[in-house]
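Just the heavy atoms: all of them, side chains too, but no hydrogens, waters or symmetry mates, feed the values below.
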Number of protein chains: 2
Amino acid sequence: MRSATEDQGHRESADDRTSKARIRDAAIASIAEHGINGTTARKVASVAGVSPGLVIHHFGSMEGLRSACDEYVAVTIREFKERAMSGGPSLDVLAALRDAPNGPLMGYLAQVLADDSPAVARLVDDLVGDAEGYIQQGVESGMLRPSDDPRGRAVVLTLWSLGALVLHQHLRRLLGVDLTDPEILTSPTAAAYVAPIYEIYGEGIFEEAFAAQTRAVFADDQGAT
Amino acid sequence: MRSATEDQGHRESADDRTSKARIRDAAIASIAEHGINGTTARKVASVAGVSPGLVIHHFGSMEGLRSACDEYVAVTIREFKERAMSGGPSLDVLAALRDAPNGPLMGYLAQVLADDSPAVARLVDDLVGDAEGYIQQGVESGMLRPSDDPRGRAVVLTLWSLGALVLHQHLRRLLGVDLTDPEILTSPTAAAYVAPIYEIYGEGIFEEAFAAQTRAVFADDQGAT
DNA sequence: TCTGTGGCTGAACGCATGTTCAATACTCTA
DNA sequence: TAGAGTATTGAACATGCGTTCAGCCACAGA
């Protein structure tokens, strides 16, 4: 099924990409910008500089192209995560992803996270699992507090991060921070989003007396129900 | 433009709704279940028991129908919020919305929050503004800690809640909690989602030494840059 | 130079969509 | 009861979609 001229998986060869690779990249960029429903076979073919027929010829159908994009993005993210992991554990999973090589990667995620595909579901599961590992490392090194439900906390923190990514349009309108901007790290406005997060991460939002009260309620619930 | 037979805005009359109202409700239910792109004029007409032509006749276009749905949902939420506000301030804005009268309301929000419309943007702005008010009340009554950036904190907390709603499929897969379920309050599994949240709200996730360290970093950033 | 193989084209097909419009059913008014 | 005006229909139209397919064209081997 794979011919000799294809170099799929070897993304080191930069300029002369296979038509198949060009179609895939064009689809990812189009989905990141116009969403899944705004991405048609003809538009992708036009951006990639090929005919609409070739899109189907290479990927079987538009659903096949979508799956290939999901898989490619998932693999790219996993590769980048491994590289980032060797440089020490990161607190926020997304923070390690923001300077990923491919530009429209965050935009693609923002568009695809809402309507679930199998590849995206697996990617989210992986992100949660990695976050659980990072958090555990943070707990062991004394940076992070232990939790009554480490997995539940990892799920909540990861979905909060990903949810903010999906709602990046609202975040940009409200705080002027664009999470899909590839160069977000160099933007000074990012502090408007990061500072409140670190404040919550640092001290929560409940005063201690009220926090103890809610803890008691949950203890009662667990005992009663 | 508005005839005498319509009773739009008077949702007290339960069974005999106007055709226009039936079309609008069918569209909301369809969008909540199948998303915006899975909602066609013919499907809505079929569910509402009318012809496709009547959909356009009443709303001008599908975009007009979409706007009408956004507006109706926004008004419904605002009405319910006012009623909930009279019963005392609520910590989480979404918590006050979960037992809203209309069933598919949360599902509709989950589908619509991602791709922004003017009405949804205004609704989100309102939710943030309300949250800021609630939080300020909580601070004044000694339940919540004050913040260096009250508005930023309100934005982050609101978008985290709404983001979790948009990603409800992942939340259900990972924790078994479905935020779009109208009867979520009676479900005992909701604690799997609420308990980690209250833990984070209560004490954050940073140990105190590390929290002080991050505070120092942000103070340096603000001073240097 | 001839030949064949495979990437690639682009015109075409079937389908679903949003929308239009003349005709019809209905309901209220006079 | 007669008329008027509106709600409603359902067939039709144009459009854009995914997909198909017969053929072109460049290039490798004999």
Side-chain angles (χ1 to χ4, degrees), chain A residues 1-10 13 15-31 33-70 111-112 115 117, chain B residues 1-10 13 15-31 33-70 111-112 115 117:
Chain A
M1 191 178 281
R2 192 171 291 182
S3 82
T5 58
E6 294 185 29
D7 63 342
Q8 186 186 4
H10 295 263
S13 62
D15 276 308
D16 47 353
R17 291 170 296 174
T18 303
S19 291
K20 191 171 180 178
R22 250 183 304 134
I23 292 170
R24 190 229 306 124
D25 291 351
I28 290 175
S30 174
I31 289 176
E33 190 171 2
H34 307 104
I36 293 174
N37 309 283
T39 297
T40 70
R42 284 171 175 81
K43 287 181 189 173
V44 169
S46 169
V47 172
V50 299
S51 68
L54 197 62
V55 175
I56 304 301
H57 173 253
H58 275 310
F59 295 94
S61 67
M62 285 305 284
E63 192 183 332
L65 174 59
R66 164 71 198 282
S67 299
C69 291
D70 280 352
Q111 295 282 355
V112 177
D115 57 2
S117 77
Chain B
M1 190 178 280
R2 192 171 290 183
S3 82
T5 58
E6 293 185 29
D7 62 343
Q8 186 186 3
H10 295 263
S13 61
D15 276 307
D16 47 355
R17 293 170 294 173
T18 303
S19 291
K20 191 171 180 178
R22 252 184 303 133
I23 291 170
R24 189 228 309 123
D25 291 352
I28 290 175
S30 175
I31 289 176
E33 190 171 3
H34 306 103
I36 294 173
N37 309 283
T39 297
T40 69
R42 283 169 176 82
K43 286 182 188 172
V44 169
S46 169
V47 172
V50 298
S51 68
L54 196 63
V55 175
I56 304 300
H57 173 252
H58 275 309
F59 294 94
S61 67
M62 285 303 285
E63 193 184 332
L65 174 58
R66 164 70 199 283
S67 299
C69 291
D70 280 351
Q111 295 283 356
V112 180
D115 57 2
S117 77

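Rounding to the nearest 0.5 angstrom, the gap separating the CE atom in A/Met62 from the OG1 atom in A/Thr39 is 7.0 Å.
If you measure from atom CZ of A/Phe59 to atom P of D/dG18, you get 15 Å, rounded to the nearest angstrom. Distance, A/Arg66 CZ to D/dT19 P: 14 Å, rounded to whole Å. The distance between atom CG of A/Asn37 and atom P of D/dG16, rounded to the nearest whole Å, is 17 Å. Atom CD1 in A/Ile23 sits roughly 13 Å away from atom P in D/dT19 (whole-Å rounding). Look at NZ on A/Lys20: it is 15 Å from C1' on C/dC8, rounded to the nearest Å. Following rounding to the nearest Å, B/Leu54 (CG) and C/dC26 (P) show an atom-to-atom distance of 15 Å.
Heavy atoms only, all atoms of each residue included: A/Asp70 and A/Val112 are closest at OD1-CG1, 3.7 Å. Residues A/Gly38 and A/Lys43 share a closest heavy-atom pair of O-NZ, 3.4 Å. The heavy-atom pair separating B/Gln111 from B/Gly35 by the smallest distance is OE1-CA, 3.5 Å.
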Pull out every protein N or O sitting under 3.5 Å from an N or O of nucleotides 17-22 of chain C, one pair per line with the distance.
residue: C/dG18; atom: OP2; partner: B/Ala41; partner atom: N; Å: 2.9
residue: C/dG18; atom: N7; partner: B/Arg42; partner atom: NH1; Å: 3.0
residue: C/dG18; atom: O6; partner: B/Arg42; partner atom: NH2; Å: 3.1
residue: C/dT19; atom: OP2; partner: B/Met62; partner atom: N; Å: 2.7

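Across all strands, A/Val50 comes closer than 4.0 Å only to sugar-phosphate atoms, never to a base (heavy-atom distances).
Residue A/Ser19 has no polar side-chain atom (N or O) positioned under 4.0 Å from OP1 or OP2 of C/dG7.
Partners of B/Arg22 under the salt bridge (charged side-chain N to carboxylate O under 4.0 Å, His left out) rule, at least two apart in sequence or in another chain, do not exist in this structure.
Considering only heavy atoms from C-beta on, A/Leu65 comes within 4.5 Å of A/Cys69 through its side chain.
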